[in-house]
Chemist: 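Here's a structure for you.
Sequential numbering from 1 along the given sequence is applied to the chain's residues. Being a predicted model, the structure only gives us computed values, none of them experimental.
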Amino acid sequence: MSGNILLRQLGRVEYVPTWHAMQEFTARRTANSADEIWLLEHPPVYTLGQAGKPEHLLRATDIPLVHIDRGGQITYHGPGQIVAYLLIDLKRRGYGVRELVTRMEQTIIDLLATHNISAQRLTNAPGVYVDNAKIAALGLRIKHGCSYHGLALNVDMDLQPFRNINPCGYQGMTVTQTRDMGVTAPMPQLTLSLSQHLIQHLTR
């Protein structure tokens with residue numbers, strides 16, 4: 001437990017059972033339940049948000065497509081990407097979804113700054129960008145004042161599957177990762193650093 005947030009390291013886990021576990025956790029939690037951050041990777045999968053448009057999957061592939069209950073359009077998860085799911089009681093913490101998104105984005109911006117990478121937000125395009133290339137995606141679901149889903153930071157992955165989609169619904173959007181920015185820190189080190197920055201931003 002850190003900052004009244006429980007960190008769980010799940011390793012590489014399948015998408016659908018993890019999603020269902022988040023739903024169940026959120027449905028069963030009480031006012032006394034600790035907030036949690038789940039840190040993990042997924043095998044290759046595309047996920048399409050509630051209002052997502054199927055045409056943003058540009059071509060058929062062998063990668064499964066899962067229709068899910070977060071906001072946003074289509075994105076890709078795969079090995080070499082750090083995923084952090086935020087199971088946070090926003091009512092208890094006293095801020096709403098827009099503030100949570102801002103804190104998540106700032107977490108990534110601050111993490112990248114420690115590696116001398118200048119990252120930014122883009123207007124009307126949630127996520128974090130380096131030279132207009134997306135390096136981290138965000139997507140949330142809020143139910144009964146509590147969040148689930150979260151963020152995904154591209155670290156050292158095969159970016160080819162992103163070329164089969166309009167990432168987050170934006171035609172022609174380029175995608176990048178920390179390895180291509182010259183970051184040599186291994187995944188476990190970056191995962192630890194990300195979790196520390198997240199706790200700082202979520203609990204202040």
Chemist: Please say yes or no: joined through hydrophobic side-chain contacts below 4.5 Å, possibly via intermediate residues, are V175 and V45 part of one cluster?
Modeler: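 Each belongs to a different hydrophobic cluster.
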Chemist: Nearest 0.5 Å, what's the OH-CG distance between Y170 and L122?
Modeler: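 Y170 OH to L122 CG: 8.5 Å, rounded to 0.5 Å.
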Chemist: Are the side chain of R93 and the backbone N or O of L100 linked by a donor-acceptor pair below 3.5 Å?
Modeler: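 It does not hold such a pair.
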Chemist: Ignoring hydrogens and geometry, is there a side-chain-to-backbone donor-acceptor pair from H42 to P79 under 3.5 Å?
Modeler: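 No: the side chain of H42 does not pair with the backbone of P79.
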Chemist: Hydrophobic clusters here meaning ILVMFWY residues chained together by side-chain heavy-atom distances under 4.5 Å, can you tell me if L10 and L87 are in one?
Modeler: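 Same cluster.
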Chemist: Do the rings of H149 and Y15 sit parallel, tilted or perpendicular, given the 30° and 60° boundaries?
Modeler: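 Correct class here is parallel.
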Chemist: Out of curiosity, does I135 fall in the hydrophobic cluster containing M187 (side-chain heavy atoms, cut-off under 4.5 Å, transitive links)?
Modeler: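 Linked within one cluster.
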Chemist: Would you check, one step at a time, whether the test side chain to side chain contact (heavy atoms under 4.5 Å, CB included) holds for M181 with T176?
Modeler: CA-CA 8 Å; M181 301 289 105; T176 190; 3.2 Å; yes
Chemist: Counting neighbours of NE2 on H20 that are heavy atoms of other residues, nucleotides or ligands and sit closer than 6.0 Å, is the number greater than 12?
Modeler: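 Yes - once you tally the heavy atoms of other residues, nucleotides and ligands closer than 6.0 Å, there are more than 12.
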Chemist: May I ask you to test the I109-T107 pair for a side-chain heavy-atom distance under 4.5 Å?
Modeler: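 The answer is no; the side chains never approach within 4.5 Å.
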Chemist: Apply the test side chain to side chain contact (heavy atoms under 4.5 Å, CB included) to residues E24 and W19: give CA-CA distance (whole Å), side-chain angles for both, the deciding distance (0.1 Å), then the verdict.
Modeler: CA-CA 9 Å; E24 183 175 344; W19 168 38; over 6 Å; no
Chemist: Is the closest side-chain heavy-atom distance between R103 and T203 below 4.5 Å?
Modeler: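 In short, these two side chains do not touch, never coming nearer than 4.5 Å.
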Chemist: Rounded at 0.5 Å granularity, tell me how far CZ in R70 sits from OH in Y148.
Modeler: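 Answer rounded to 0.5 Å: 12.0 Å.
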Chemist: Please give me the minimum heavy-atom distance between H77 and V83, naming the atom from each residue.
Modeler: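 Shortest heavy-atom contact: ND1-CG2, 4.0 Å.
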Chemist: Return yes if some donor-acceptor pair links the side-chain N/O of E41 with the main-chain N/O of G80 below 3.5 Å, else return no.
Modeler: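 Yes; at least one donor-acceptor contact below 3.5 Å.
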Chemist: Nearest 0.5 Å, what's the OG1-CD distance between T114 and Q196?
Modeler: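 These two atoms lie 10.5 Å from each other.
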Chemist: Answer yes or no: is there a donor N or O on one side and an acceptor on the other, between the side chain of R121 and the main chain of T102, under 3.5 Å?
Modeler: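 Yes, the answer is positive, given that a donor and an acceptor are paired below the 3.5 Å cut-off.
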Chemist: Does one side chain, of N164 or Y46, offer a donor that lies under 3.5 Å from an acceptor on the other?
Modeler: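 Yes, Y46 and N164 have a side-chain donor paired with an acceptor closer than 3.5 Å.
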Chemist: Closest approach of P44 and Y76, non-hydrogen atoms and distance?
Modeler: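 Taking every non-hydrogen atom into account, CB-OH, 3.5 Å.
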Chemist: Starting at CZ of F162, measure out to NZ of K134 and round the result to the nearest 0.5 Å.
Modeler: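 It comes to 9.0 Å.
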Chemist: With clusters defined by side-chain heavy atoms of hydrophobic residues (ILVMFWY) lying less than 4.5 Å apart, directly or transitively, does V128 cluster with L86?
Modeler: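 Yes.
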Chemist: When rounded to the nearest 0.5 angstrom, what distance separates OH in Y129 from CD in E105?
Modeler: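 Taking OH in Y129 and CD in E105, the distance rounds to 8.0 Å.
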Chemist: Strictly by side-chain hydrogen bond (donor to acceptor under 3.5 Å, both in side chains), give each pair with a member in residues 179-190 just once, sequence neighbours left out.
Modeler: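 Passing the test, one end in residues 179-190: D156-R179, Q177-D180.
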Chemist: For residues M104 and L140, determine if any side-chain heavy atom of one lies less than 4.5 Å from a side-chain heavy atom of the other.
Modeler: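 A side-chain contact under 4.5 Å exists here.
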Chemist: With a 4.5 Å heavy-atom cut-off, do Y95 and L90 have their side chains touching?
Modeler: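 Yes, side chains in contact.
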Chemist: Is there a side chain to side chain contact (heavy atoms under 4.5 Å, CB included) between L6 and D35? Walk through the geometry before answering.
Modeler: CA-CA 6 Å; L6 181 64; D35 291 333; over 6 Å; no
Chemist: So which atom in I165 and which in P167 form the shortest heavy-atom distance, rounded to 0.1 Å?
Modeler: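 Result for this residue pair: O-CD, 3.2 Å.
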Chemist: Do the side chains of L151 and I108 get nearer than 4.5 Å, heavy atoms only?
Modeler: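 Answer yes - side chains close enough.
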Chemist: Do D110 and Q200 pair up side chain to side chain, a donor and an acceptor below 3.5 Å, judged on atom types alone?
Modeler: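 No pair is found: no donor N or O on one side chain lies under 3.5 Å from an acceptor on the other.
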Chemist: With a 4.0 Å cut-off on N to O distance, would you call D69 and K143 a salt bridge?
Modeler: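 No.
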Chemist: Between L190 and V183, is any pair of side-chain heavy atoms under 4.5 Å apart?
Modeler: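 Side chain of L190 against side chain of V183, heavy atoms only: contact under 4.5 Å found.
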Chemist: Can you tell me if Q81 uses its side chain to pair, donor with acceptor, with the backbone of L153 under 3.5 Å?
Modeler: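 No, the answer is negative, given that no donor and acceptor are paired below the 3.5 Å cut-off.
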Chemist: Indicate yes or no: at least one non-hydrogen side-chain atom of T47 is less than 4.5 angstrom from one of L65.
Modeler: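 A side-chain contact is absent here, since even the closest heavy-atom pair is not under 4.5 Å.
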Chemist: If two hydrophobic side chains count as joined below 4.5 Å and joins carry through other members, does V16 share a cluster with I74?
Modeler: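 Shared cluster, no.
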Chemist: Strictly by modelled atom types, are R163 and Q160 linked by a side-chain donor-acceptor pair under 3.5 Å?
Modeler: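 Checked: R163/Q160 side chains pair up, N/O donor to acceptor below 3.5 Å.
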Chemist: If we only count heavy atoms from C-beta on, is the I68 to L48 side-chain gap below 4.5 Å?
Modeler: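 With C-beta onward as the side chain, the pair stays apart.
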Chemist: Judged by atom type as modelled, is there a donor-acceptor pair below 3.5 Å linking the side chain of Q9 to the main-chain atoms of L7?
Modeler: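 No; judged by distance alone, with no hydrogens or angles, the pair does not exist.
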Chemist: Quick check against the 3.5 Å criterion: does Q73 have a side-chain atom that pairs as donor or acceptor with the backbone of K53?
Modeler: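 Such a contact is found between Q73 side chain and K53 backbone.
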Chemist: For the pair Q120 and D131, evaluate side chain to side chain donor-acceptor pair (under 3.5 Å) and give the outcome as yes or no after the intermediate values.
Modeler: CA-CA 8 Å; Q120 308 84 30; D131 295 329; 5.4 Å; no
Chemist: Between S147 (side chain only) and I88 (backbone N and O only), is there a donor and an acceptor less than 3.5 Å apart?
Modeler: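 At least one qualifying donor-acceptor pair exists.
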Chemist: Could you tell me which non-hydrogen atom of L111 sits nearest to which non-hydrogen atom of S193, and how far apart they are?
Modeler: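 L111 and S193 have their closest heavy atoms at CD1-OG, 3.0 Å.
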